[in-house]
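Chain identifiers are assigned alphabetically (A, B, ...) following the order of the sequence lines, protein sequences preceding nucleic acid strands; residue numbering begins at 1 within each chain. Keep in mind the model is a prediction, meaning the values are calculated, not measured. What you see below is based on every heavy atom in this structure, not just the backbone, and it leaves out hydrogens, waters and symmetry mates.
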Amino acid sequence: MAFVTASWNPFGDVFYRKFNLYSDWKMKEDLSNCLIAAAPYAGPIALMINGSHKERSPSLRPIMEIYSSSGNRIVSLPWKSGQVVHIGWTTNEDLLCIQDDGTVLIHDIFGTFKRHFSMGNEVLQNRVVDAKVFPTAYGSGVVILTGAFRFTLATNIDDLKLRRFPEVPGLLRPPTCWAVLMQDRQPKIVLATGKDVYVLDNASCTSVIPPGLGPQVCGFTQIAVSFNYKKLALFTDAGNIWMGSSSFKDKLCVVETNFKTAPKQFVWCDRPKSDNPTVVGIWDKLLVITGKTKETIKFYQDEDVHLVPEIDGVRIISSSNHEFLHEVPPACQDIFKIASMAPGALLLEAHKEYEKESQKADEYLREIKEQNLLFEAVQQCIEAAGNEYEPEMQKSLLRAASFGKCFISNFPPDTFVKMARDLRVLNAMRDYIVGIPLTYPQYKQLTIEILIDRLILRRLYPLAIRICKYMKISELQGASRILAHWACYKLLEYEPRSGEQVPLLLKMKRSQLALLKAIESGDSDLVYTVVTYLKNEMNRGDFFMTLQNQPVALSLYRQFCKHQEPETLKDLFNQDDNHQELGNFYVRSSYSNETTIEGRVAALQSAVDEYNKAKNEFAAKITEEQIKLLRYQFRLQKESGKTYLDLSLHDTVQALLLDSKHKQAEQLYKDFKIPDKRFWWLKISALAEKQDWEELEKFSKSKKSPIGYMPFVEICVKHRNKYEAKKYVAKVSPEQKVKGYIMVGDLEQAVETATERKNENELNIILSKCTAATDQSIVEKINRAKAQILKK
Amino acid sequence: MTRLKMAAHLSYGRVVLNNLREAARKELREFLDKCEGSKAIVWDEYLTGPFGLIAQYSLLKEHEVDKMFTLKEGHIPPAEVKNIIFFVRPRLELMDIIADNIRCEHKHHGPPRDFHILFLPRRSLLCEQRLKEQGLLVHFTHIEEYSLDLIPFDSDLMSMEAESAFRECYLENDQTILFSVAKGLMTLQALYGTIPQIFGKGECARLVANMMLRMKREFAGTQNQILPVFDKLLLLDRNVDLLTPLATQLTYEGLIDEIYEIQNTHVKLPPEKFAPKKQNESGRDLSNEPKKLQLNSAEELYAEIRDKNFNAVGSVLSKKAKFISAAFEERHNAKTVGEIKQFVSQLPHMQAARTSLANHTSIAELIKDITASETFFDKLTVEQEFMSGIDTDKVNSYIEDSIAQKEPLINILRLVCMQSVCNNGLKQKVLDYYKREILQTYGYEHILTLNNLEKAGLLKPQTSTRNNYPTIRKTLRLWMDDINEQNPNDISYVYSGYAPLSVRLTQLLARPGWRSIEEVLKMLPGPHFEERQQLPSGLHKKRQQGENRVTLVFFLGGVTYAEIAALRFLSQMEEGGTEYIIATTKLINGKSWIKSMMDKLEPSLF
């Protein structure tokens, strides 16, 4: 007992102490080679270990690890996503990993991926230089410093609204230091660039000057904001620390440190209602505590440390120690300060003597009583018990209080009982298995309800229920709620029938999980059910965002929209910049929704724009041509009174040719670059259909036919004009000539040509066309020719 | 009697698929009996065709179904029945029609009736929600599902007849049908035992296998105690083999389907070549109505010729003709009363054989008219050039000319897609040229169709410089130069030279196994895998000497008759050792397949 104060360090009127939270704490990782983040309120610790570490596998993939505050490794996973710039915990103990492309991935405490979101296009383009996660009145926020030295911020990641803060004039380099503040529920950013300090908010950028700082300052190199956002500290390159209010209205003090370099980490070590707040800095392995008194406290640490500010102190994490540093709470100071005559100290002493059955007990007791301070003495002991970490110490203080109580006639019992209960809970929390080493002030701030949530989060259901019963929390808030969570967890683990699982999950409001499970089942009906539910429950932005991460659900919803809500379909395509599909959407709408030529053209024009954005040159060009054609047809229709609209280009030309509008047909042929071959086909079939044999012949002589002359023969025969057909047979290519003659029925010529070509195969074909009765002479000719060929 | 006859062909095969049909009929009867009293069925029209293969009107009538109507908006026609049952697919638009029907009934204070819905193949929360929103769900006494996933078509063939399965899976990323596939396979396993080995190739195959294994877990605790009938299940994605359906099928059944389209085993043919029907009582001449025939293995002659190359059909038919007339001649030899009696007893069978012969001779003539034409020959030549890898990298003049003459668009699309597939994508210039020609000739409104074909991978720009089709063709021996159409020795006879890739993969899986073709499998899309399902001890089959293994091949996204023919050919090969049972989401041919991917836009009137 006498050594209680051995670890105390005097600091002005008060003392600071540092002690181990767990005696056998061990974290294998070397903290210098990783990103680290610890959640406040004795929360879990996450590490993102750099992949280039020598001992690691050659894969170079970073490793993500999560530890409880008792050093229990919960999970270790290779990181498979992109380059992570910053990690941080939300107030719900979800881990945010912020990538350099502005994507933020959310994992739970077990390292299970929950979802991701993006900090927007601007961030994607300019990349992330630095980022911070911060608690807000609404939940947790994220702020990004981009490569363009602009800040993009979201105050609540569960209701993502991105805000881009105004530019800082003349900022060409990243700021030397910056921090987030919350004032009047609004986020602000304090940043220093050289000797200038600015406060940024949603609308403005204000230059501020910390009051009471001499003109010798050249630059600010570190910044620290207190846990409650009320106080702020700046470190200057001259080695001074300015401490004051975060509104920059009041100065607390300026301290000289003699350090020229900025500390590696710089945090407040404060407690509510403290008169003597301090800041803690680390230079290499030296921990320095400074404040308004002239003294400083220094600790030499054996290894790299990481500081975690808490509401009533600072956690100090290193590979082999997990310590807590704080100002010794007043009740403890009063009782344990050397030679203290405080009533609590006397009561503790009295009880000690009483245990030894010494009469001195009575002397001490009388002394308190004489001053009429027994009530205060008991109070002091109870309070001090709450602020001591060791159960043995807690016990002796409580025993002293209990002893003192006996001499007060009607001391209200609840403070004592309450503290005894609270301490049982706190000691249970501090157990290695649970690993939540909360201090009493942290516990009071957090509230028992949230503490229960954290146990649920850690799947410590039986403990949570026991605590609820012990603390007499109502069934609704306590046991039954926990059981629902437990049931849900078990449901996921042990209910294989998705048809049962999914509706239950929805009933339990676990919609994201329900969606995941529905997709896993492959049952579209289940997926639709969840999607419909989500659509009704969420705002549109969140709903789309959720779908964005679930391709299966997204395509099913698209199917649904296609039939039921075409306009939503457009929004969906817009959301993921699917310009090809947007183009298709406008094309479809041009046909099915528009009833005027202007409307149709306008829709097609929108399609052209989208196809261009999709870099689909072909589609853009052909759509432009369609617009041209539609306009042309519309004009033609008005002029002629005939229907041209919605004929294909090919059919339009054919219709023009049939109407003998050769000039217009030629014009289209040129304007739309119809290939020569097809135009010739078009023209000859149109002329044949009109029986305009004269024009056909003229056309055949206009220039050399790109399709040969066989089509002329065929088209004439098709229109039953063998006489005309014959005119073209002579021009047919030698390979097809025989076929041509057969077609026009001139077997004589066919035989002659085939004989000339010495082609037995062709002779046989002709033979097959002969009828014995009428073509006797031809048959003979063929046989003779065949014999001739054989001879050779 | 008729009922037994209807399904007799399902009982001949190695796997008695009639059990599946009987199970389906039992489920239907049970549902009908739940709705006591007289009934009228209101049909989702699409269901009637496939449904006919399970139950005829006679069965329904035995269970007091007095009336049948087609589902449409407005009033349900008057009927003196106690129950109205809607037989529908779970689709929202159909729910809206049902809602309209019900409202009409209420408005006009019809007689009190019980309403029921039977969903095929699955009830849907989404649909029920739709009715609930309109406050109509309470009016239904029974809402149930009739899980008719796989419908037996023949002794070795099952289909789900889901027409848009391929489109949904590969274009719209909607895998709803795969869930039904998995469910159907679970039903099949409940009837025919757990299938010990599952093989697969393709994304969808993987998903189906996953779902099956998952569903098996869901039933954990209840072990299937039936001795397995199937040894293996092979799941094949249609997009692993996009080429085969594009080629013109050259088997007898394949050609009937190509030209006249077989629907639910029925085909409608032009009546001219068939002997005029007897005039019916009213004296109306029916000769202008199409001739409707059912085609399945119940017809002996059809079973013999359907899978032959069409060029081998003629000789069989003439042999048959001689045989039958010889049989009829027998009557002159029948002298004694006993002999005459015997002859007469055979008469019905002989007459049936004669009708059958006459029918198929007529069909063969109809087909011959087409296959003997020059246009058919020219098109086939181009197809065969593409498949054997000739000139696939440049614009083909036959296609050009066909477009210029505005041949039916589907034929053009089939050829262009085939060229693209055989060249592993077309050069951008070539592709753009074709697309432009098509849109200029057939109309801009087909732009979405072209886009769909691109999405499905049927039409694509060449990305890598390497065309791996020749490697695939050579390794899998997809092109055989010496084929025997009359007495085939290889599956390539079904396309007169081209061996369907899908069937080749099936063949190689049986022997020597896929390990031998790992490299080629990697070139084809999607993963390939093998899963094993534990059998309860005691159900491990002890194979008899010479007993064939049975493999169920499931084509996800459709199968053609020619592929079926090729698999039947493999089943019959003496040294094969494997019999194949075939299942699919839909029986397809190139035409119906391409059609399912088309998006026809029509302008609103103005």
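Here B/Arg122 does not pair with A/Asp523 in a salt bridge; the nearest charged N to carboxylate O distance is not below 4.0 Å. Salt-bridge check for B/Glu172 with A/Arg558: failed, with every basic side-chain N at 4.0 Å or more from each acidic carboxylate O. Remark: A/Glu581 engages B/Lys455 in a salt bridge, criterion side-chain N to carboxylate O under 4.0 Å.
Within 6.0 Å of CD in B/Glu93 there are more than 12 heavy atoms belonging to other residues, nucleotides or ligands. Other residues, nucleotides and ligands place more than 12 heavy atoms under 6.0 Å from the NZ atom of A/Lys562. Sparse packing is recorded around CD of A/Glu617, with 12 or fewer heavy atoms of other residues, nucleotides or ligands lying under 6.0 Å away. With a 6.0 Å radius and a threshold of 12 heavy atoms from other residues, nucleotides or ligands, B/Lys600 has its NZ atom above the threshold.
Interface remark: A/Leu668 contributes no atoms to any contact with chain B (heavy atom separation under 4.5 Å). Residue A/Ile674 touches chain B through both its backbone and its side chain, counting heavy-atom pairs closer than 4.5 Å. Proximity to chain A is limited to the side chain of B/Arg214, based on heavy atoms less than 4.5 angstrom apart. With a 4.5 angstrom heavy-atom cutoff, A/Ser592 touches chain B only via backbone atoms. Of the atoms belonging to A/Asn593, it is backbone heavy atoms, and not side-chain ones, that fall under 4.5 Å from chain B. The contact between B/Leu601 and chain A is made by backbone and side chain atoms together, counting heavy-atom distances below 4.5 Å. For A/Ser521, the parts lying under 4.5 angstrom from a heavy atom of chain B are both the backbone and the side chain. Only the side chain of A/Gln580 comes within less than 4.5 Å of a heavy atom of chain B; its backbone N, CA, C and O stay farther away. In this structure, chain B has no heavy atom under 4.5 Å from any part of A/Leu682. Interface remark: A/Glu625 contributes side-chain atoms only to the contact with chain B (heavy atom separation under 4.5 Å).
Pairing each heavy atom of B/Tyr433 with each of A/Pro675, the nearest pair is OH-CG, 3.8 Å. Across all non-hydrogen atoms, the minimal contact from B/Gln175 to A/Ser524 is C-OG, 4.4 Å. Nearest approach of A/Trp681 to B/Ala404, heavy atoms of both residues: CD1-CB, 3.2 Å. Here the shortest heavy-atom pairing between A/Phe618 and B/Asp432 reads CE1-O, 3.5 Å. The shortest non-hydrogen separation linking B/Met211 to A/Gly522 is SD-CA, 3.9 Å.
The closest donor-acceptor contact from the side chain of A/Asp525 to the backbone of B/Leu125 lies under 3.5 Å.
Interatomic distance, B/Asp174 CG to A/Leu556 CG, rounded to the nearest 0.5 Å: 5.0 Å. With rounding to the nearest 0.5 Å, the separation of CG in B/Asn451 from CG in A/Asn584 is 4.5 Å. Note that NZ of A/Lys677 is 9.5 Å distant from CD of B/Glu437, once rounded to the nearest 0.5 Å.
Using a 4.5 Å heavy-atom threshold, the side chains of B/Lys435 and A/Ile622 count as separate. Within the 4.5 Å cutoff, no side-chain heavy atoms of B/Asn173 are placed close to those of A/Val552. Within the 4.5 Å cutoff, the side chain of A/Val587 has heavy atoms near those of the B/Ile447 side chain. In this structure, the side chains of B/Arg91 and A/His563 stay at 4.5 Å or more apart for every pair of heavy atoms. Looking only at side-chain heavy atoms (C-beta outward), B/Leu92 and A/Phe560 come within less than 4.5 Å of each other. Between B/Asp599 and A/Arg588 there is a side-chain heavy-atom pair separated by less than 4.5 Å.
Between A/Ser648 and B/Glu445, the side chains place no donor N or O within less than 3.5 Å of an acceptor N or O (distance only, hydrogens not considered). For the residue pair B/Tyr444 and A/Thr623, a side-chain donor N or O sits within less than 3.5 Å of a side-chain acceptor on the partner.
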Take B/Lys406 and A/Asp651, measure what salt bridge (charged side-chain N to carboxylate O under 4.0 Å, His left out) needs, and give me the verdict at the end.
-> CA-CA 10 Å; B/Lys406 228 181 159 190; A/Asp651 293 348; 2.6 Å; yes
Does the side chain to side chain contact (heavy atoms under 4.5 Å, CB included) test come out yes or no for B/Thr441 and A/Leu649, once each step is laid out?
-> CA-CA 6 Å; B/Thr441 308; A/Leu649 174 66; over 6 Å; no
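Partner of B/Gln440 under the side-chain hydrogen bond (donor to acceptor under 3.5 Å, both in side chains) criterion, chosen from A/Arg678, A/Gln626, A/Lys673, A/His650: A/Arg678.
When A/Glu520, A/Gln654, A/Glu500 are compared by the number of non-hydrogen pairs under 4.5 Å with chain B, A/Glu520 comes out ahead. With chain A as partner, the option from B/Glu168, B/Glu374, B/Lys183, B/His446 having the largest number of non-hydrogen pairs under 4.5 angstrom is B/Glu374. Interface summary for chain A: among B/Arg130, B/Gln129, B/Gln428, the most heavy-atom pairs under 4.5 angstrom belong to B/Arg130. Your options are B/Asp401, B/Ile403, B/Leu178, and the one with the most heavy-atom pairs under 4.5 Å with chain A is B/Asp401.
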